[in-house]
Amino acid sequence: MRRGIRGVTVTALVAGLALTASACGSGGDDGNGNAGGELAGTVTFWDTSNDAEKATYRKLAEGFQKEHPKVHVQYVNVPFGDANAKFKNAAGGNSGAPDVMRTEVAWTADFANLGYLAPLDGTPALDKPDDYLPQAVGSTQFKGKTYAAPQVIDTLGLFYNKKILKDAGVEVPKTFTELATAAKKIKAKTGATALYLRGDDPYWFLPYLYGEGGDMVNARDKVIEIDDGAGVKAFKTIKDLVDSKAAVTDATDGQENQLKALKDGTVAMAIDGPWDIEGARAGKAFKDKENLGVAPVPGGSSAQGSPQGGWNLSVYAGSKNLQAAYAFVKYMSSASVQQQTTEKLSLLPTRKSVYDVPAVKKNEMVKFFKPAVDGAVQRPWIAEGNSLFEPIKVQMNKVLTGSATPEQAAKATGDAYRKLLKDYK
Amino acid sequence: MTLAVRVRRALGTHWYAWTMVAPVVLVIGVIIGYPLVRGVFLSLTDANEANVERNIGVNHLPATYKFTGLDNYKAVLTDGVFWDRLGWTVVWTVGCVGLTFLIGLTLANMLNRTLRGRTFYRLALILPWAIPAFISVFTWRMLYNEKNGILNKLLAGGGIDAVPWLNDPTWAKLSVIAVNVWLGVPFMLVALLGGLTSIPGELYEAAEMDGAGPWQRFRNITMPGLRAVSSTVILLSTIWTFNMFPVIFLLTRGGPGDATEILVTYAYRLSFVDSPRNFSESAAWGVLILVLLSVVAVVYRRALRKQGEVW
């Protein structure tokens, strides 16, 4: 078995390399366009929503069949962690790629750059584009064309356990310094640790970086910024939080561990996004749903900011059923579907009109997250955007485990960026 | 005699043999030869995901990468990353193979004598081999979870502080080695047990008659008797461990930081995590790994042959 597994891995790697390079293989989709103006055939949709969300998404996606009875929607849930690589393998190998892909905001430019996505300008997929929030549109643009329709928008917030903070007699911290001070009281009075710090995922590093007024890169002037003073300070902040025991962290399995810690009430606060609202509320600490509070992420020494994230819907350029795929994107990004994802999952819509719907307006999570999203920091929407995270992850781990100083980490991240972005300073 | 005649004669005499090996040659050529040649070729170019030939549905994007000679190799070999990763990969390989061999040898010797329930023990020890490696590795990852894993719960029961199994660079190194040893022992055990049963019992009897102690018997009969088997399994195990992708990748993804990153997981990172995927540099890493392993294999074989003359 040992040999078997190793053989499979190597063969897969080699075959992947050869396949992608020579692009052999053939597309396999039985869709067949629109017969006589009516949409028909199959639309394969790769959805990346998490375990708490996927049942709702499946239902919504299959709802498309009610509007277009001749179309069969093939819903496939692909775990977020594998989705990027899986789509690239399938799209580049021209075999097995879906017609519609849920692309994370940082992926859209990457896929578009490789020619995997169909431009949507002038197609039925883009319905009432003026209705989209301007910040949601940012990530769908690449080199002057639109490659996606925004589906949900999000940002990070500070999830907190109201009861623990009340028992400890502390206010919701507005900066990480306040959080560190409050941590002692929280520990003494309730025994809980103040914060779960996601040391395994570089996305969670951004609030610390933005809090010092820094950024990863400046895409307009093509300058790498992570290794200036702000980057160093941000690495120092996370290290101090963990060293002072104000925060606990992990280098692996952070998503599960953070959610569990929050649900069990072993931590008072965690920085998280709207996608975990449902998951968190399932825990024993939030039996009373009101106990979960959400506040803006704490600021650093000079600013406050959290990254703007979200999901788009893109159409595979090689889809055999483009017309149905466009219609499906239009449907999934429509006001009525967005309203349902908000009502059922508390996810934030990307359409202005949906925010005017009373049920959405009243949603407590929307009430919090909408202003947060309005103030969220847009990332550089460049093709390499997604690969800027891995170097941060490596250095974050190193700083948190003490094998690199904040200065070394910031420098090493900058150096890694220079390898990825050859024309940047 | 012209070439044509010679070929015809060779084919005429050995046509049967040629026909018999043809399928094997073909299969090896397709599944090993082609990717290998392709990999070497790519390592001499600047190919990446954005400039190789692609067919997206009806759109055809032609290849635009160019030949760059040995630039990739120069870049890799002058970069500290390669040497850092090589250092840890060597430690990892020597550590894993050494421990696996010692444990395998001990267990094989214990199981080679007649004792009650021997079949049961043999089966139980082979069990890790019977489980797909990725399942074992995921299980280990759950056991290792610092906050919610069983290992730390057990330690807490004994009043011991939580161990950061995968969260501390040194512990993570030990943890990945432990899992790989756990996975590798059954293979060693089976191979060495086979070797042991092939050593004639008369040798031991004769040695005992001559007054040789257990250690002397082990040293002078068992070890030489196992030599053929052990040299092969050590070589195989070295090659497998050197490239043991699943254990590292599934347990730590090379982390924390890059503490457990071995050469192949780094090559994977280049060709699957970076964007656009860097096929050429990744291929250069692959070729360097191949060269390293080939050199090790040749040197090892030669060393063994020399020793063989002494014995």
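Values below: every heavy atom of this structure, side chains too, minus hydrogens, waters and symmetry copies. Letters A, B, ... are given to chains in the order of the sequence lines, protein chains preceding strands, and every chain is numbered from 1.
- Contact annotation for B:Asn145: only side-chain heavy atoms (C-beta onward) come within less than 4.5 Å of a heavy atom of chain A.
- A donor-acceptor pair under 3.5 Å is absent between the side-chain atoms of A:Asn397 and the main chain of B:Pro256, judged by distance alone.
- Contact annotation for B:Leu61: only side-chain heavy atoms (C-beta onward) come within less than 4.5 Å of a heavy atom of chain A.
- Atoms CD and CG, on A:Glu256 and B:Asn148 in that order, are 9.5 Å from each other to the nearest 0.5 Å.
- Contact tally against chain B (heavy-atom pairs below 4.5 Å) for A:Thr252, A:Val248, A:Asp253: the top residue is A:Asp253.
- Note that the CD1 atom of B:Ile56 and the OG atom of A:Ser319 stand 12.5 Å from one another [nearest 0.5 Å].
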CA sep, side-chain torsions, deciding dist, call: B:Asn167, A:Asp250, side-chain hydrogen bond (donor to acceptor under 3.5 Å, both in side chains): CA-CA 6 Å; B:Asn167 290 335; A:Asp250 282 297; 2.7 Å; yes
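- Within 6.0 Å of CH2 in B:Trp171 there are 12 or fewer heavy atoms belonging to other residues, nucleotides or ligands.
- Using modelled atom types, one side-chain atom of B:Arg277 and one backbone atom of A:Ala85 make a donor-acceptor pair closer than 3.5 Å.
- In this structure, B:Ile150 places its CD1 atom where only 12 or fewer heavy-atom neighbours from other residues, nucleotides or ligands lie under 6.0 Å away.
- For chain B, the nearby parts of A:Glu384 are the backbone and the side chain; heavy atoms of each come within less than 4.5 Å.
- We find the CG-OG distance between B:Asp258 and A:Ser403 to be 7.5 Å, quoted to the nearest 0.5 Å.
- Annotation for A:Lys145: atom NZ does not count as buried by contact number, only 12 or fewer foreign heavy atoms lying within 6.0 Å.
- Looking only at distances, no side-chain donor or acceptor of B:Arg54 sits under 3.5 Å from a matching main-chain atom of A:Ala91.
- Using a 4.5 Å cut-off between heavy atoms, B:Val81 contacts chain A through its side chain alone, with no backbone atom that close.
- A donor-acceptor pair under 3.5 Å is absent between the side-chain atoms of B:Lys147 and the main chain of A:Lys260, judged by distance alone.
- Contact of A:Thr249 with chain B is made through the backbone alone, with heavy-atom distances under 4.5 Å.
- Neither the backbone nor the side chain of B:Ala47 has a heavy atom closer than 4.5 Å to any heavy atom of chain A.
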A:Lys419 and B:Asp274: CA distance, side-chain angles, deciding distance, salt bridge (charged side-chain N to carboxylate O under 4.0 Å, His left out) verdict: CA-CA 11 Å; A:Lys419 275 192 211 167; B:Asp274 278 6; over 6 Å; no
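- In this structure, chain A has a heavy atom under 4.5 Å from the side chain of B:Asp79, while its backbone stays farther away.
- Looking at A:Ala317, both its backbone and its side chain come within 4.5 Å of chain B, counting heavy atoms on both sides.
- Put simply, OH on A:Tyr116 and CD on B:Glu49 are 4.0 Å apart, with the number rounded to the nearest 0.5 Å.
- Atom CZ of B:Arg253 has 12 or fewer heavy atoms from other residues, nucleotides or ligands within 6.0 Å.
- Within a 6.0 Å radius of NZ in B:Lys173, more than 12 heavy atoms belonging to other residues, nucleotides or ligands are found.
- When all heavy atoms of B:Pro276 and A:Leu114 are compared, the pair lying nearest together is CB-CD2, 4.3 Å.
- Only the side chain of A:Tyr316 comes within contact range of chain B, judged by heavy atoms closer than 4.5 Å.
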